[in-house]
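Here, residue 1 is the first one in the sequence, and each next residue gets the next number. As the structure is a prediction and not an experimental result, all values here were calculated from the model.
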Amino acid sequence: MLDKHERRSLEEIESRLTEEDPELARGLAEGTPRSVWRGISPLLVLAGVAMALSVTLLVLTEFGAALLAAVLAGSAVLVRMWRLRGR
């Protein structure tokens, strides 16, 4: 059994969590964990694939295609940042 001080500390942590991230607090209360993949944007996946392609093309000395893939990756990241700024 927890003493008064420990219970008060846990209640304070719970209230802060509920204020800062209500979705997480609700998931913890219901016992349903949040998916890790839920926060990953398809644009970030596209950017990662494009950067991997860019590095591969650089190794194969295809500089034009590597530059194009890098521009695609940068564009995907910029679009993602622009969308987050609008929220």
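By the side-chain hydrogen bond (donor to acceptor under 3.5 Å, both in side chains) test, R7 is found to be paired with no residue, residues two or more places apart in sequence or in another chain being considered.
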Inset, instruction - Apply side chain to side chain contact (heavy atoms under 4.5 Å, CB included) to the pair H5 and S9, showing each step before the final yes or no. - result: CA-CA 6 Å; H5 177 69; S9 294; 3.9 Å; yes

Inset, instruction - Report the C-alpha distance between D21 and E23 in whole Å, list the side-chain angles of each, state the deciding distance to 0.1 Å, and finish with yes or no for side chain to side chain contact (heavy atoms under 4.5 Å, CB included). - result: CA-CA 6 Å; D21 195 348; E23 185 179 334; 3.9 Å; yes

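Through direct or relayed side-chain contacts under 4.5 Å between Ile, Leu, Val, Met, Phe, Trp and Tyr, L58 connects to F63. In this structure, I13 shares a hydrophobic cluster with no other residue, the cluster being traced through Ile, Leu, Val, Met, Phe, Trp and Tyr side chains under 4.5 angstrom apart.
Interatomic distance, CG of L72 versus CG of L67, reported as 11.5 Å (0.5 Å rounding). The distance from atom CZ of R80 to atom CG of L46, rounded to the nearest 0.5 Å, is 12.5 Å. A distance of 12.0 Å separates CG in L68 from CD in E62, rounded to the nearest 0.5 Å. For the atom pair CZ (R83) and CG (L78), the distance works out to 12.5 Å, reported to the nearest 0.5 Å.
The minimum heavy-atom distance linking A76 with A47 is given by the pair CB-CB, 4.0 Å. Residues A66 and S54 approach most closely at O-OG, 3.0 Å, considering heavy atoms.
Within the 3.5 Å criterion, the main-chain N or O of R16 finds no donor-acceptor partner in the side chain of E19.
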